[in-house]
2 protein chains.
Amino acid sequence: MADGRSTTAQSGENLLFLTDEQLRQGIEAMFFAYRGFTADPDRILADMAYGRAHHRAVHFINRAPGTTVNNLLNILGVTKQSLNRVLRTLIEDGLVESKVGKLDKRERHLFLTEEGQALEQKLSDAQRARMRMAFRDAGPDAVAGFRQVLEAMMDREMRYAYTRLRDSGT
Amino acid sequence: MADGRSTTAQSGENLLFLTDEQLRQGIEAMFFAYRGFTADPDRILADMAYGRAHHRAVHFINRAPGTTVNNLLNILGVTKQSLNRVLRTLIEDGLVESKVGKLDKRERHLFLTEEGQALEQKLSDAQRARMRMAFRDAGPDAVAGFRQVLEAMMDREMRYAYTRLRDSGT
DNA sequence: TTGGAATGTCAACAACACTGACATATGCTG
DNA sequence: CAGCATATGTCAGTGTTGTTGACATTCCAA
């Protein structure tokens with residue numbers, strides 16, 4: 001793009017897309033895009049007593065209803081103390097329900113209440129709206145590339161968690 | 001991909017890539033990938049008394065030497081008080097130099113010292129290594145799509161800051 | 001010259017991550 | 001059953017990074 005030639009033309013032998021300058025641009029793109037990515041939910045949450053940590057918890061509980069605390073811990077990559085603070089407020093406020101496991105009574109299975117589902121909907125609607133616009137502007141081929149690069153950028157365990165979630169949907 | 005057909009074939013009329021399920025996968029990909037994106041510098045910084053905020057400041061000062069505090073403020077999207085704390089420690093530790101503006105003495109122009117440049121190098125080497133691997137694994141076409149989607153996801157002001165920086169490099 | 005705008009600094013506070021220590025209940029194994 | 005491991009929850013303390021509010025300095029224009 002900067003050099004005037006199509007990126008496709010330089011596949012194979014030519015590795016201009018791997019220059020430090022290109023990599024730096026990729027890094028800055030990630031930085032600025034992530035800000036946009038979180039901006040809309042953050043605005044909604046700012047009005048309530050919740051933050052980004054609550055959003056993440058609610059998102060993944062909605063995604064995998066009945067998930068255990070330990071499972072959520074691994075997905076979110078935080079300490080149990082940190083997650084517990086968030087879960088406690090969500091449970092107190094009636095957005096999340098915690099049920100003792102039937103097979104293993106040590107486990108707690110987490111579910112969203114109707115109110116919790118309403119919040120999740122509100123937050124993910126906002127976030128999806130931006131993602132939809134970006135996807136539509138960029139087109140299907142770009143979206144495929146986007147997903148490919150992101151997946152390659154994940155840590156191994158995170159890629160595993162991601163694909164497991166991905167393939168369980170639909 | 002999930003439906004077995006090439007994504008290219010569904011351009012135009014077919015908008016399967018905009019389903020809620022696809023958007024959700026994009027959202028989760030962003031979440032997990034950003035974790036990988038920051039993991040390496042975070043590990044390096046954990047050993048020192050610095051955090052992600054210091055990394056960001058050092059990155060953009062290196063990127064635009066002599067930039068003013070206000071300029072940096074707009075790029076980073078934080079309050080001046082928040083940035084100031086970070087800058088103060090960096091200046092005290094001799095990584096950043098702050099020079100009073102010649103034209104406007106209210107302004108402070110920021111530069112990395114040699115030591116500051118060394119840290120920046122160390123951090124960006126780590127981050128670029130991961131980005132390089134992801135880019136190489138995904139290939140040039142995917143990289144172009146990646147950048148296209150990220151750019152479309154930014155807020156308008158951030159896109160402006162991003163392209164301005166991008167086009168000033170090289 | 002005086003008041004407003006821009007810039008930068010100091011102080012206090014909130015959100016959210018961390019570590020460490022410990023309690024409780026349960027499951028598993030010898 | 002005894003003893004160890006596992007899953008969860010909690011308390012206390014700390015660090016980073018964001019916020020607001022108050023204030024000093026400097027510049028510019030009426």
Side-chain angles (χ1 to χ4, degrees), chain A residues 31 34-35 38-39 41-59 61 66-93 96-111, chain B residues 31 34-35 38-39 41-61 66-93 96-111 123:
Chain A
F31 172 70
Y34 198 77
R35 285 255 293 283
T38 55
D42 280 358
R43 253 190 299 275
I44 295 172
L45 290 159
D47 297 338
M48 323 185 188
Y50 299 135
R52 208 175 284 180
H54 300 83
H55 180 193
R56 291 196 284 258
V58 164
H59 174 97
I61 294 174
T67 188
T68 63
V69 172
N70 218 353
N71 199 345
L72 200 50
L73 232 46
N74 290 327
I75 288 177
L76 295 178
V78 296
T79 58
K80 63 174 177 176
Q81 294 92 329
S82 194
L83 175 59
N84 189 257
R85 191 185 335 107
V86 168
L87 280 182
R88 203 184 337 173
T89 68
L90 288 173
I91 291 169
E92 278 170 6
D93 296 353
V96 168
E97 203 179 353
S98 165
K99 291 183 182 167
V100 174
K102 277 176 185 152
L103 271 106
D104 189 334
K105 288 180 190 162
R106 291 173 303 180
E107 293 179 338
R108 299 294 131 82
H109 298 278
L110 303 169
F111 301 87
Chain B
F31 172 70
Y34 198 77
R35 285 255 293 283
T38 55
D42 280 359
R43 254 189 297 275
I44 295 172
L45 289 158
D47 297 337
M48 324 186 186
Y50 299 135
R52 209 175 283 179
H54 299 84
H55 180 194
R56 291 196 284 259
V58 163
H59 174 97
F60 286 108
I61 294 173
T67 188
T68 62
V69 172
N70 210 7
N71 198 346
L72 200 51
L73 231 48
N74 290 326
I75 288 176
L76 296 177
V78 296
T79 58
K80 59 180 177 174
Q81 295 90 329
S82 190
L83 175 59
N84 188 256
R85 192 185 331 104
V86 168
L87 282 181
R88 202 186 330 164
T89 68
L90 289 173
I91 291 169
E92 278 170 5
D93 295 352
V96 168
E97 202 179 354
S98 164
K99 292 182 182 169
V100 174
K102 276 177 185 151
L103 273 107
D104 188 334
K105 288 180 190 161
R106 290 174 303 183
E107 294 179 339
R108 299 283 139 43
H109 297 278
L110 303 168
F111 302 87
L123 293 171

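Letters A, B, ... are given to chains in the order of the sequence lines, protein chains preceding strands, and every chain is numbered from 1.
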*Mind checking whether B:Lys80 and B:Asn84 have side chains closer than 4.5 Å, heavy atoms only?*
no

*Taking the nucleotide of DNA chain C with the closest heavy atom to each, which residue, A:Val78 or B:Leu87, is nearer the 5' end?*
B:Leu87

*Classify the angle between the aromatic ring planes of A:His59 and A:His55 as parallel (below 30°), tilted (30 to 60°) or perpendicular (above 60°).*
perpendicular

_In the structure I gave you, are the side-chain heavy atoms of B:Asn70 and B:Leu73 within less than 4.5 Å of one another anywhere?_
yes

*Under a 4.5 Å cut-off applied to non-hydrogen side-chain atoms, are A:Ile61 and A:Leu87 in contact?*
yes

_Distance, rounded to the nearest Å, where A:Leu83 contributes CG and D:dA7 contributes P_ = 15 Å

*Roughly, in whole Å, what's the span from CE in A:Met48 to P in C:dA15?*
15 Å

*Are any of B:Thr79's side-chain N or O atoms less than 4.0 Å away from OP1 or OP2 of D:dT19?*
yes

*asked:* On the nucleotide D:dT17, are OP1 or OP2 found under 4.0 Å from the side-chain N or O atoms that B:Ser82 carries?
replied: no

*Classify the side chain of A:Lys80 versus the base of D:dT8 as yes if they form a donor-acceptor pair under 3.5 Å and no if they do not.*
yes

*Considering just the side-chain nitrogens and oxygens of B:Asn84, establish if one lies under 4.0 Å of OP1 or OP2 belonging to C:dG8.*
no

*Hey, does A:Gly77 reach any base, or is it just sugar-phosphate, or nothing, if we go heavy atoms under 4.0 Å?*
sugar-phosphate

*Testing A:Leu72, A:Val58, A:Asn71 for side-chain contact (heavy atoms from CB on, under 4.5 Å) with A:Leu110, which one passes?*
A:Leu72

_Let's test your reading of the model: under 3.5 Å, does the base of D:dT8 pair with the side chain of A:Arg108 as donor and acceptor?_
no

*Roughly, in whole Å, what's the span from NZ in A:Lys99 to C1' in D:dT8?*
18 Å

*Measure from CG on B:Leu76 to P on D:dT19 and round the result to the nearest Å.*
11 Å

*Nearest to the side chain of B:Arg85 - D:dT19, C:dC18, D:dT8?*
D:dT19

*Touch check for A:Leu103, heavy atoms < 4.0 angstrom, all strands: base, sugar-phosphate only, or nothing?*
sugar-phosphate

_Interatomic distance, A:Leu73 CG vs C:dC16 P [rounded to whole Å]_ = 16 Å

*Let me know, please, whether A:Arg52 or A:Asp104 comes out on the 5' side of the other along DNA chain C by nearest nucleotide.*
A:Arg52

*Indicate, with a heavy-atom threshold strictly under 4.0 Å, whether B:Arg88 touches base, sugar-phosphate, or nothing.*
sugar-phosphate

*When the distance from CD of B:Glu107 to P of C:dG8 is rounded to whole Å, what number comes out?*
6 Å

*asked:* For C:dG8, does the base pair up with any side-chain atom of B:Gln81 as donor and acceptor (N or O, under 3.5 Å, distance only)?
replied: no

*B:Arg106 has a side chain; which of D:dT17, D:dG9, D:dT26 sits nearest to it?*
D:dT26

*So what does A:His54 hit on the nucleic acid, given a heavy-atom distance under 4.0 Å: a base, only sugar-phosphate, or nothing?*
sugar-phosphate

_Between P on D:dT8 and NE2 on A:His109, what's the gap in Å once rounded to a whole number?_
8 Å

*Do B:Thr67 and B:His109 have side-chain heavy atoms sitting under 4.5 Å apart?*
no

_Please report the distance, rounded to the nearest Å, between CG in A:Asp47 and C1' in C:dA14._
16 Å

